[in-house]
Amino acid sequence: MNNLTELEVEHLRHLIGGHGLISKKLETYAQNCADPELKAILQRDAQAAKQSQQQLMTFLG
């Protein structure tokens, strides 16, 4: 994992930040959603984005 170039690290940080933003937005949408089915979908997708963010962070050490 230590063999990442500066550009690769920069890209990883960008992806990690993007997944974090998506997760937060989806959580907000879910909190404001009245439809239970849509709310569940938004919550599931928010959790998936958070998990992806955490997996990507493992590449940074």
Asks: For Lys39, look at atom NZ and say whether over 12 heavy atoms of other residues, nucleotides or ligands are found less than 6.0 Å away.
Replies: yes
Asks: Are Arg13 and Leu60 side-chain neighbours, meaning at least one heavy-atom pair lies under 4.5 Å?
Replies: yes
Asks: May I ask you to decide if Thr28's main-chain N or O and Gln31's side chain share a donor-acceptor pair within less than 3.5 Å?
Replies: no
Asks: What is the minimum heavy-atom distance between Leu12 and Phe59, and which atoms define it?
Replies: CD1-CB, 3.5 Å
Asks: Locate the shortest heavy-atom distance separating Gly20 from Gln53; write the atom from each residue and the value.
Replies: CA-NE2, 3.4 Å
Asks: Using a 4.5 Å cut-off on heavy atoms from C-beta on, say whether the side chain of Ile41 contacts that of Asp45.
Replies: yes
Asks: Which heavy atom in His19 sits nearest to a heavy atom in Ser52, and how many Å separate them?
Replies: CD2-CB, 3.4 Å
Asks: Assigning hydrophobic clusters by single linkage (Ile, Leu, Val, Met, Phe, Trp, Tyr; side-chain heavy-atom cutoff under 4.5 Å), is Leu21 placed with Leu26?
Replies: no
Asks: Would you check if the side chain of Ser23 reaches a backbone N or O of Ala49 as a donor-acceptor pair within less than 3.5 Å?
Replies: no
Asks: Examine Leu42 and Ile22 and state if one hydrophobic cluster contains both, with Ile, Leu, Val, Met, Phe, Trp and Tyr joined whenever side-chain heavy atoms are less than 4.5 Å apart.
Replies: yes
Asks: Can you spot which of Gln43, Lys50, Gln47 makes a side-chain contact (heavy atoms from CB on, under 4.5 Å) with Glu27?
Replies: Lys50
Asks: Is the backbone of Glu10 close enough, under 3.5 Å, to the side chain of His14 for a donor and an acceptor to pair up by distance?
Replies: no
